[in-house]
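Single-structure report; data block below.
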Amino acid sequence: MAFENKFIQQRIEKVELLRAEGINPYSNDSRRNTTIVKYLNVNSDIENMQNKRDENRNYTVSGRIKLFRIMGKASFIKIEDESGMLQIYVTRDNLPEGFYNSTFKKLIEIGDIVEISGFPFVTGQGELSLHCSEFRLLTKAIAPLPEKFHGVTDKEIRYRQRYLDLIMNSEVRKTFQTRSKVISLTRRFFEDKGFLEVETPMMHPIAGGANAKPFVTHHNSLGIDRFLRIAPELYLKRLIVGGFEAVFEINRNFRNEGMDATHNPEFTSIEFYWAYKTYKDLIKITKEYFEYLFDHLRLPIMLPYGDLVINFENFTEIPLIESLTTIGGVAAEVVNDKEKIIEYLKSQNLTVKPGMNLGQLQGELFDEFVEEKLIDPTFITEYPVEISPLARRSDTKPEITERFELFIAGREIANAFSELNDPIDQYERFKGQCDAREAGDDEAHEMDEDFIDALSYGMAPTAGQGIGIDRLVMLLTNEHSIRDVLLFPAMKPLHRDEVHSDEE
RNA sequence: GUCUUGUUAGCUCAGCUGGUAGAGCACGUCACUUUUAAUGAUGUGGCCGAUGGUUCGAAUCCAUCACAGGACACCA
């Protein structure tokens with residue numbers, strides 16, 4: 001039941017006492033005329049003044065009370081707004097008769113949002129503060145804040161009640177400010193290159209564009225199911241067919257899979273498609289993009305990430321097959337022989353799913369022996385065609401595709417390729433995926449005949465790329481769980497009986 | 001999905017081999033007009049995650065479940 005907690009009860013009584021005194025505990029007429037950081041900057045000259053004060057200046061600031069120190073007839077409190085923290089000096093004799101003793105000391109407390117007017121001065125301890133001459137309550141908090149020193153550290157509380165985390169941990173706010181900047185810079189970078197931002201459907205009749213299981217939702221008036229999109233790829237390519245030559249979309253994808261430190265059911269990506277370009281051009285623009293981000297976010301080229309230091313001037317390129325031997329340490333005679341790969345994987349105590357083709361086995365070798373070793377930014381190129389159902393074949397080596405994935409800190413950050421625009425080849429590859437689906441691979445692509453129709457009208461040679469924004473932000477903010485870069489990460493419901501279940 | 005660790009006051013945490021539950025902060029009362037997690041005195045505050053079991057007796061031992069963290073498996 002709401003409000004049953006005894007501390008909350010106590011505070012609700014204070015709300016009633018305030019109302020009885022004619023004070024609105026949820027006032028709506030804020031008169032703030034500066035932020036805390038501006039106040040601190042504008043008044044930084046006070047400490048050089050003779051009395052360390054200037055009673056002719058007057059400012060009104062607002063914020064949440066974070067610390068409350070009563071010392072008889074005077075008090076120090078600290079209030080915090082989005083910009084920073086400020087100390088306020090409150091004395092009985094500078095406030096209306098009786099206010100200090102009966103209202104300020106009794107009914108105002110940590111967590112309340114207040115508005116204070118007064119003049120700047122520097123305390124004996126040397127802290128620039130505000131000498132209060134007018135004190136107003138703006139919003140009463142009836143729930144007590146967590147402990148002032150340790151704050152809230154319980155991850156479950158931090159994720160489920162993110163607002164509390166944000167109140168108590170100012171560095172969390174910084175992470176999300178950085179995230180916002182990354183998205184805004186990404187948008188500006190591509191716009192400046194002439195890309196058009198577009199929005200394509202989130203509800204798909206066929207979930208395509210990636211190997212993943214979709215969420216299903218239902219359209220009542222049509223009486224049909226729809227899939228939450230797993231990727232915008234096939235729609236963006238239809239736009240290239242339609243004549244747009246450079247498009248991008250920054251938004252959510254949904255995948256019906258497990259959750260862990262690097263997976264949330266909904267995640268943000270940018271996908272961009274660029275006509276008359278190849279994956280080689282994408283490598284160039286990707287390097288440029290990182291340079292742009294690092295420049296505008298003022299990040300060091302030698303970026304610390306956990307125990308690692310990543311050198312963002314050391315971008316390298318290596319074909320996948322080559323990486324298996326030079327980085328993965330797999331013998332050269334093994335990597336192109338299906339039977340030898342199976343033998344090798346088994347010798348390393350790895351289970352091999354039956355029925356895998358050569359390309360899939362090479363992918364397995366890469367995942368097992370190479371991926372985690374790619375710390376500095378590495379473009380792995382030339383992917384086997386079997387694991388790249390939407391990518392264009394190399395003109396000289398038809399068994400591989402013009403594709404790369406970018407790895408940083410042992411993790412995939414981007415996936416890109418010259419797009420397959422041969423409608424018949426695309427049709428055959430979809431059919432291959434359908435066979436895999438029949439054989440039990442529930443993440444294989446489905447046939448999308450409308451997309452084949454689109455390609456039949458001719459899509460200019462095009463290169464396309466997707467970048468996982470969440471993982472990119474993790475990297476740039478030195479966070480190691482995707483939940484720490486999502487404001488409201490997916491959590492299981494606390495009480496099963498409060499949610500609908502289709503089990504009965 | 002598997003393994004593993006955790007869940008005790010609003011928050012941060014103690015609680016040993018089973019014997020009626022503890023601290024700090026917060027909150028209440030008192031003192032204090034330059035403090036820095038202010039200080040001193042004093043008091044209130046608990047369905048020990050849930051359900052079963054073992055036992056004369058369970059926060060503690062056992063089982064099941066829920067949620068969370070970590071690792072592995074799969075994926076981006």
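Excluded from the calculations below are hydrogen atoms, water molecules and symmetry mates; all remaining heavy atoms, backbone and side chain alike, are included. Note that the coordinates shown come from a computational prediction; the quantities given were computed from them, not determined experimentally. Within every chain, numbering begins at 1; the chains are lettered A, B, ... in the order of the sequence lines, protein sequences first and strands thereafter.
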Legend entry - Interatomic spacing from OG in A:Ser418 to CZ in A:Arg403 - rounded to 0.5 Å: 12.0 Å
Inset, instruction - Can you tell me the distance, in whole Å, between the CD atom of A:Glu233 and the C1' atom of B:A76? - result: 13 Å
Inset, instruction - Report yes if a side-chain nitrogen or oxygen of A:Lys106 is closer than 4.0 Å to either non-bridging phosphate oxygen (OP1 or OP2) of B:G28; otherwise report no. - result: no
Inset, instruction - Take the protein atom CG of A:Asp154 and the nucleotide atom C1' of B:G6, then report the distance between them rounded to whole Å. - result: 10 Å
Legend entry - Any residue meeting salt bridge (charged side-chain N to carboxylate O under 4.0 Å, His left out) with A:Arg471, in chain and number order, not counting sequence neighbours: none
Inset, instruction - Side chain of A:Asp260 only, please: which of B:A73, B:C11, B:G10 is the nearest? - result: B:A73
Legend entry - Any donor-acceptor N/O pair under 3.5 Å between B:A76 base and A:Asn211 side chain: no
Legend entry - Along RNA chain B (nearest heavy atom to each residue), the more 5'-positioned of A:Arg255 and A:Met259: A:Met259
Legend entry - Closest-nucleotide 5' rank along RNA chain B - winner of A:Glu368 and A:Ala261: A:Ala261
Legend entry - Length of the line joining A:Lys66:NZ and B:A26:P, which is rounded to integer Å: 14 Å
Legend entry - Counter-base of B:U36, judged by Watson-Crick or G-U geometry with both distances under 3.5 Å: none
Inset, instruction - When you get a sec, tell me which of B:G28, B:A76, B:A68 is the closest nucleotide to the side chain of A:Arg160? - result: B:A68
Inset, instruction - Take nucleotides 32-41 of chain B nucleotide by nucleotide from the 5' end and write B, S or -, depending on whether a protein heavy atom sits under 4.0 Å from the base, only from the sugar-phosphate, or from neither. - result: BBBBBBB---
Legend entry - Nearest-angstrom distance, C1' atom, B:G1 to B:C74: 9 Å
Inset, instruction - Classify the side-chain pair A:Asp93/A:Tyr100 by whether it contains a donor and acceptor separated by less than 3.5 Å. - result: no
Legend entry - Euclidean distance, atom CG of residue A:Asn101 to atom P of B:U29 [Å, nearest integer]: 12 Å
